Amino acid sequence: MNPSTRSDHEASVAGDNPPRSLAFALRRWLGWLVFPLLLGLVLLTLWNGEWLKAPRAMWELSRMPAPTTLPVPVDGVAARRIADTFGAPRGRDRTHAGVDIFAKRGTPVRSAAPGVVVAVRDSGLGGRQVWVIGPARERYYYAHLEDWRKGLAEGEVVSEGTVLGYVGDSGNAAGTPPHLHWGIYGADGAYDPLPLLKAHRTTNGRALPR
């Protein structure tokens, strides 16, 4: 290759390189921009998916304050009819960690607050029972049920007023007048829920985002 030909070739190469480098850089930067966007869309789709409803609700509940008033969780029962038996002796080594709400057998029992059902079981003193994680991640205990609402299952997201089951006398309440044993457990354990019922005037009206 003579000098003039080599100079022409080098000039051609030098002239071709900048466009190729610029295109490569553009593709590279576009890749860096598009990938996070696509990843964000995928994560957003997963977060809003049906199978992540319970974890999403748990996150929402953890951000809510604990309620200062709550509706009576048994249909047709006024708060003034409920005796304050929280802390009363039960057996030799127990105290009553809730209140008893008496009603006709089969009366609907409703969730007093929005939450996530974390246990549906028939065991121990409470018999047929439901546990719900509510605002501020407090635990709501519904015990001595006659039965559960058909289809109720762990992981279900419930709103205030959702039917959980029906008043009965299961567990160690067998043979006593049908009632719901209802308790609330906060960070420091069980506390008296009756003041929240008596303070209630209108529905809290809160529901978790779907």
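No experiment lies behind these values; they were computed from the predicted model shown.
In this structure, Ala136 and Ala66 approach most closely via the heavy-atom pair CB-N, 3.6 Å. Nearest heavy-atom pair across Trp182 and Ala112 is CZ2-CB, 3.7 Å. Minimum interatomic distance between His96 and Thr85 (heavy atoms only, all atoms of both residues): ND1-OG1, 2.9 Å. The minimum heavy-atom distance between His200 and Leu70, with the atom names listed, is CB-O, 3.1 Å. A pairwise comparison of heavy atoms in Ile133 and Leu61 identifies O-CD1, 3.4 Å as the closest pair. Considering all non-hydrogen atoms of both residues, Ala113 and Tyr140 come closest at CB-OH, 3.9 Å.
Proximity of a side-chain donor or acceptor of Trp148 to a complementary backbone N or O of Gln129 within less than 3.5 Å is detected. A donor-acceptor pair under 3.5 Å is absent between the side-chain atoms of Arg128 and the main chain of Ser170, judged by distance alone. Not a single donor-acceptor pair under 3.5 Å links the side chain of Asp75 to the backbone N or O of Thr107.
Here the side chains of Val118 and Met58 are in contact, with some heavy-atom distance below 4.5 Å. Within the 4.5 Å cutoff, side-chain heavy atoms of Leu196 are placed close to those of Tyr191. For the pair Thr95 and Arg90, the minimum side-chain heavy-atom distance is 4.5 Å or more. In this structure, Asn172 and His144 have side chains that are in contact, with non-hydrogen atoms separated by less than 4.5 Å. With a 4.5 Å cut-off on side-chain heavy atoms, Val99 and Asp192 count as touching.
Between Tyr141 and Trp131, the two ring planes are parallel [angle under 30°; tilted spans 30° to 60°].
Cluster annotation: Met64 is connected to Tyr185 through the hydrophobic network of ILVMFWY side chains, with a link wherever side-chain heavy atoms come within less than 4.5 Å. Val77 and Leu197 fall within a single hydrophobic cluster, where Ile, Leu, Val, Met, Phe, Trp and Tyr side chains are chained together by heavy-atom contacts under 4.5 Å. Note: the hydrophobic cluster containing Tyr166 does not contain Leu145 (ILVMFWY, side chain heavy atoms under 4.5 Å, direct or indirect links). Under the 4.5 Å side-chain heavy-atom criterion for Ile, Leu, Val, Met, Phe, Trp and Tyr, Tyr142 and Leu152 are members of the same hydrophobic cluster.
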Between Val167 and Arg105, does the side-chain contact (heavy atoms from CB on, under 4.5 Å) criterion hold? Intermediate values first, please.
CA-CA 5 Å; Val167 170; Arg105 186 183 302 276; 5.7 Å; no

Could you walk me through whether Ile101 and Arg81 pass the side-chain contact (heavy atoms from CB on, under 4.5 Å) test, one step at a time?
CA-CA 8 Å; Ile101 305 174; Arg81 290 175 46 196; over 6 Å; no

Give the C-alpha distance, both sets of side-chain angles, the deciding distance and a yes or no for side-chain contact (heavy atoms from CB on, under 4.5 Å) between Asp169 and Glu146.
CA-CA 6 Å; Asp169 64 348; Glu146 178 76 8; 4.2 Å; yes

In sequence, state the C-alpha distance, the side-chain angles, and the governing distance for Arg56 and Val157, and then conclude on side-chain contact (heavy atoms from CB on, under 4.5 Å).
CA-CA 10 Å; Arg56 190 168 66 248; Val157 178; over 6 Å; no

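For Arg94, the CZ atom is densely surrounded, since the number of other residues' heavy atoms within 6.0 Å is greater than 12.
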